[in-house]
Amino acid sequence: MSGADELDEAIALANSGRTRPEPPPAPRLKRIRRIEWGENAESAGSAMDPMGEPQDHGRPDEATGRGGRDAGGERGRHGEYGRHGDKRDGAERTSGGRGGAGGTGPVPPGHPGERPGRHRNGPPQHAPDALRGGVHHPAEGPGNTEGSRNAEGTGNSARKPPPSWCEAVALAASAATVLPAETVPLAHALGRTLATPLRALTDLPSFDTSAMDGWAVSGPGPWEPARAADGTERPGVLAGDRSEPPQLADGEAVRIATGARIPPGTSAVLRSEAAQRTGARLRTATPPQPGTDIRPRGQECRKGDELLPAGLTVTPAVLGLAAAAGYDELSAVPRPRAEVLVLGDELLHRGLPRDGRIRDALGPMVEPWLTALGAEVTVTRLLGDDAEALHEAVATTTADVVVTTGGTASGPVDHLQPTLRRLEAQLLVHGVRVRPGHPMLLAALGPATAPRGAGKQPRDRYLVGLPGNPLAALSGLVTLAAPLLRALAGRTEPEARAATLGAEVSGHPRDTRLVPVRYEGSGIRARIRPLRYSGPAMLRGVASCDALAVVPPGGGAPGTDVPVLEVPW
Ligand SMILES: Nc1nc2c(c(=O)[nH]1)N[C@H]1C(S)=C(S)[C@@H](COP(=O)(O)OP(=O)(O)OC[C@H]3O[C@@H](n4cnc5c(N)ncnc54)[C@H](O)[C@@H]3O)O[C@H]1N2
Ligand code: MOO
């Protein structure tokens, strides 16, 4: 079978949900065999340094096999960063079907983020049509495995070629179906996805309304204040007055407040600052045109109009619009639940890095990243490099998505792949032709044995394995976690965006690169500048970036348009 056929088959399998035949479960990786990984590891591919920065593709101790993470490491250092409520708003489930119009089809390159068009320094342009619906860079031919590791340690012949970056995004987007929609009070709908189009339940405004404080006047003027039957001046009309204001006759005026109902017979509203009152006479220098400062009923929408399509994230503004249009509750797809498992005995969770150990940089980042991508993170667990703890955590999770950090590779204490084999998980994406982050993976775990909540249908759970290097983890997040979460939430894909390279960015010979960039200039002259200190193990560059540029194999010359990904924060 050709590489292209294999990729087609992988995509078809992921779409159909059938189980890919997996090799028989491998024997558990024992700590004592940590020297093994040096035997199996392949080349990390060409290390590039386009910004003059180290790329950290290797491990200093890999030649010797020394420095295994349990050497001198403390055991039993499991912990949690925080545990959150395990309930979904007491929502009423209304359907078991697809909630949003967003669907889960292939995802274009500029996909992540819920706020398309958001930017700090300059607006990205819309991507050229050719970039939509999945970029295929010519240099990204399938079957190209050089530079990617065989994580099974069984040689390349036993492993399918990793997908290109675009193929991986599309695989993640089509891996899951949308969670069942629920009807929830408006107060609980924030961050969920509209399951059905938002239709106006009323005209908006629902009555003719004054847009200004002043006088409702009838006719061209001058006017006299309208009077009641007893001859006294009629009280002004206030917003919220229950009774309909009485008719105005030609030449009459009555005080009116912004938002108040317009009395029948009114031709315009005269702003208070434009009105001159002399005794019983009301004049103005320039009489208002008929209709001035009156918001007519139905100006914004008519009852039944579609205000918003399904698949949109419920933002504060969506909540406000829904309330204005008469809604008390919404049919919405819940945020997918995510659980974060931080792996690595070398990690310290406070204080200065010391004694060969480093601070955990991913624990503090992954939870807010996932939240920004629309997930509800229930807990971040610190598991160290404990194969049993990892197995138990993954086997018993009730989250829709488990996100692990580190341990994706085939090092001596990289327990993720053996754990997935032990659980007979289905590997949907196993390595991606992208730098950094090529060891990332996506697996379907099958339904939970004990689904949450009485009567709830068990649903498939997924695991996204983020590589341990921090920038590689972000790469895994935008490549696999973002489209998967969007599919589960039924969220519409944001439009693909592109921006122009302001400087040459060297490329990997065969893999896509994701490069932290900043916008420079504005409008049509906006350019993106790659940032220094953007090696896979570095955070200095990405901490000040506006977006990630998707640089095709071979790189990009100044003036080239490349897709850009919004960063999830
Ligand atoms: N022989 C090969 N070795 C490696 C290759 C390769 O192709 N051949 N690829 C390298 C790349 S690229 C990456 S990325 C890593 C991925 O490995 P893992 O996902 O198993 O990650 P770890 O080994 O656990 O950690 C890698 C690196 O990241 C540091 N790390 C881990 N967790 C955190 C955290 N929470 N905060 C900060 N830093 C973290 C860890 O200490 C390591 O330095 O594999 C390479 N090796
Ligand atoms: O560079 Mo690794 O590519 O840190 O995933």
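In listed order, ligands and their atoms are each counted from 1.
In this structure, of A473, G344, G468, A537, the residue bringing a heavy atom nearest to atom 39 (C) of ligand 1 is G468. Compare S475, G437, P467 by their heavy atoms: the one nearest to atom 2 (Mo) of ligand 2 is in G437.
Ion pairing between a basic and an acidic side chain is recognised when a charged N comes within 4.0 Å of a carboxylate O; E520 and R529 show such pairing. One finds a salt bridge joining E388 and R422 here, because a Lys/Arg side-chain nitrogen approaches an Asp/Glu carboxylate oxygen to under 4.0 Å. Ion pairing between a basic and an acidic side chain is recognised when a charged N comes within 4.0 Å of a carboxylate O; R381 and E339 show such pairing. A salt bridge links D511 with R435: the distance from a Lys NZ or Arg NE/NH1/NH2 to an Asp or Glu carboxylate oxygen falls below 4.0 Å.
Here P439 has side-chain heavy atoms under 4.0 Å from ligand 2, and that is the only part of it that gets that close. With a heavy-atom cut-off of 4.0 Å, T408 touches ligand 1 through backbone and side chain alike. Within the 4.0 Å heavy-atom criterion, both parts of A409, backbone and side chain, lie near ligand 1. Of the heavy atoms in R359, only backbone atoms (N, CA, C, O) come closer than 4.0 Å to ligand 1. In L416, neither the side chain nor the backbone holds a heavy atom less than 4.0 Å from any atom of ligand 1.
Between L347 and ligand 1, no N or O atom pair is found at a separation short of 3.5 Å. Distances between N or O atoms of P439 and those of ligand 1 include no value under 3.5 Å. The shortest N or O to N or O distance between E346 and ligand 1 is under 3.5 Å. Residue N469 has at least one N or O atom closer than 3.5 Å to an N or O atom of ligand 2.
A168 pairs by the side chain to side chain contact (heavy atoms under 4.5 Å, CB included) definition with P163, V429, V432, T479, L480, not counting sequence neighbours.
Listed by number with element, the atoms of ligand 1 under 4.0 angstrom from any heavy atom of A472 are 14 (S).
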